[in-house]
Protein chains: 2
Amino acid sequence: MATEAKQAVTRTGAAKAEPGRQSLKSAATRARLIDATIRCIVQHGYANTVTPMVAAEAGLSRGAMLHHFVSGDALIRATIVELHERRLKAFRRASQANLGDVRSMVRDYWQQLQKPGFIAFQELAMAARTDAALAEILLPLQSEFTQRFQALAGQLYPDWVQESERLSLAMALSQILMEGIQIASLTGAMDKQLVEPLLDFLEMSVVALRPGQGNDSTMSNEQ
Amino acid sequence: MATEAKQAVTRTGAAKAEPGRQSLKSAATRARLIDATIRCIVQHGYANTVTPMVAAEAGLSRGAMLHHFVSGDALIRATIVELHERRLKAFRRASQANLGDVRSMVRDYWQQLQKPGFIAFQELAMAARTDAALAEILLPLQSEFTQRFQALAGQLYPDWVQESERLSLAMALSQILMEGIQIASLTGAMDKQLVEPLLDFLEMSVVALRPGQGNDSTMSNEQ
DNA sequence: ACAAAAAAACATGCTTGCATGCTTTTTTAT
DNA sequence: ATAAAAAAGCATGCAAGCATGTTTTTTTGT
């Protein structure tokens with residue numbers, strides 16, 4: 001088991017400054033531990049993810065694990081960074097693929113939310129609410145993500161930038177609604193039959209918020 | 001703190017079959033423990049809510065607490081039922097207050113989500129994802145709530161019942177979006193400045209989904 | 001005085017961090 | 001080039017801390 005090691009070096013970015021080093025095996029093991037952590041969080045929840053569990057999932061002893069990560073906290077911290085980088089990477093990829101197509105953008109982000117990374121991130125985000133140490137790491141990343149989300153939108157829809165308020169609204173609506181649907185699905189508060197209609201409605205709403213698309217009834221009651 | 005005790009007898013439904021007993025003080029203590037549990041879940045998260053903490057919050061010893069609730073599990077179970085009943089009670093109240101006014105309905109549910117009960121419920125819902133015992137209690141209640149949500153809608157907007165698909169969509173949109181906004185706020189993924197615009201947009205969308213309101217562009221690409 | 005409520009004491013299990021050896025790989029020196 | 005030295009990866013074991021549930025003792029109220 002665990003034969004996918006080479007490319008892991010670049011993934012964690014934790015290797016020494018020198019490129020080809022003797023212990024790139026170390027980086028592979030670190031990556032294996034982080035992957036195991038994500039899997040455990042998804043499967044058992046963050047609260048129930050304990051160090052022996054992660055070590056077993058990674059096929060390592062607890063001692064070996066604490067050799068690579070000084071403490072359980074350090075592991076979690078590295079996992080968060082890894083998740084954030086994956087999030088951004090998937091983002092860059094998406095921004096190159098579909099240019100200006102609302103439908104693709106919605107479906108792309110929806111696909112993103114199906115991956116285990118989102119579940120793990122959501123678990124951590126909820127935990128951070130009552131864990132100051134976690135919040136200190138997570139909150140800045142949340143802000144950075146939302147910010148890049150907006151920046152990407154401005155890049156994909158240049159004609160939209162003038163109406164920045166509507167652009168922000170459309171992006172926030174997309175992010176919040178889709179993540180809300182996914183969370184509700186995870187917690188059993190969502191009728192699966194309504195998912196597609198909701199996504200369709202979201203698409204329509206985003207299109208309607210785009211300038212020069214007719215339909216100017218938005219926020220008719222505010223200024 | 002915690003002086004609303006008498007009615008707690010009916011609230012937990014766990015009192016003896018006999019109505020008025022000398023030791024209705026017991027019911028008061030039970031209610032105090034449940035309130036303390038909710039407070040702990042909100043403040044420290046479900047995962048970090050431990051029995052000594054709840055006892056201290058309730059001003060009781062751990063021994064006394066286990067006298068009223070055989071185990072920590074029993075306490076949590078009672079707390080869930082209590083939260084569910086509060087949810088439904090607030091619901092009945094809202095359904096009598098604002099009849100057919102979309103704006104009131106949206107703002108009412110939004111107010112509901114500000115109360116600690118929602119935070120506690122969300123904590124439990126997330127925990128239930130990876131806790132089979134919790135899920136067994138929580139999932140049926142989630143379904144019941146969503147169902148009543150729909151039922152209330154049909155009662156408030158009789159002219160809407162014919163178009164059941166649109167009604168379901170509007171209700172799901174309202175619930176998911178508002179809860180999504182609140183969750184995102186709790187986890188630091190929400191720009192506070194966008195909350196009001198989103199709520200305004202939701203109101204507009206729900207109105208647009210109501211039949212006989214003009215604007216028939218909904219889901220133009222489906223069937 | 002008697003029964004229920006509350007407190008205290010006890011025993012168990014689990015998680016964590018640290019310290020101790022063993023093996024493998026890389027470096028260094030002749 | 002090869003053997004010794006150093007370092008890094010890895011595994012096992014141990015003690016402390018804490019949460020849980022049970023049992024026993026004290027208090028309170030009728």
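This one's a predicted model, so the numbers in the text were calculated from it and none came from an experiment. Just so it is clear, the values below take in all heavy atoms, side chains as well, and ignore hydrogens, waters and symmetry mates. We name chains A, B, ... by the order of the sequence lines, and we start the count at 1 in each one.
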Trainee: What is the distance from CD1 of B:Ile76 to P of D:dA19, rounded to the nearest Å?
Mentor: 15 Å

Trainee: Specify the separation, in whole Å, of atom CE of A:Met65 and atom P of D:dA8.
Mentor: 20 Å

Trainee: Could you pull out all residues at least two apart from B:Ala90 that satisfy side chain to side chain contact (heavy atoms under 4.5 Å, CB included)?
Mentor: B:Arg93, B:Gln112

Trainee: Can you give me the N/O atom pairs linking the protein to nucleotides 16-19 of chain C at distances under 3.5 Å, or say none if there are none?
Mentor:
from   : atom 1 : to      : atom 2 : distance (Å)
C:dT16 : OP2    : A:Thr51 : N      : 2.9
C:dT16 : OP2    : A:Thr51 : OG1    : 2.2
C:dG17 : N7     : A:Arg62 : NH2    : 2.4
C:dG17 : O6     : A:Arg62 : NH1    : 3.4

Trainee: What integer distance in Å separates B:Arg30:CZ from C:dA4:C1'?
Mentor: 15 Å

Trainee: Minimum heavy-atom separation for A:Ala184 and B:Ile176, please, with both atom names.
Mentor: CB-CD1, 3.5 Å

Trainee: Please check if the distance between the ring centroids of B:Phe149 and B:Tyr109 is under 6.0 Å.
Mentor: yes

Trainee: Could you tell me whether the side chain of B:Glu123 and the main chain of B:Gly45 form a donor-acceptor pair under 3.5 Å?
Mentor: no

Trainee: Are B:His67 and C:dA6 close enough that a side-chain N or O sits under 4.0 Å from OP1 or OP2?
Mentor: no

Trainee: I'd like to know if A:Asp73 pairs up with A:Arg77 as an ion pair, taking the criterion as any Lys NZ or Arg NE/NH1/NH2 lying under 4.0 Å from an Asp or Glu carboxylate oxygen.
Mentor: yes

Trainee: Check the phosphate of D:dA8 against A:His68, side-chain N and O only, distance under 4.0 Å to OP1 or OP2. Yes or no?
Mentor: no

Trainee: Roughly how many Å is it from CZ in B:Phe69 to C1' in D:dT22, rounded to a whole number?
Mentor: 19 Å

Trainee: Between B:Glu196 and B:Arg107, is there a side-chain N and carboxylate O pair less than 4.0 Å apart?
Mentor: yes

Trainee: Could you tell me the separation between the CG atom of A:Leu60 and the P atom of C:dT24, rounded to a whole number of Å?
Mentor: 15 Å

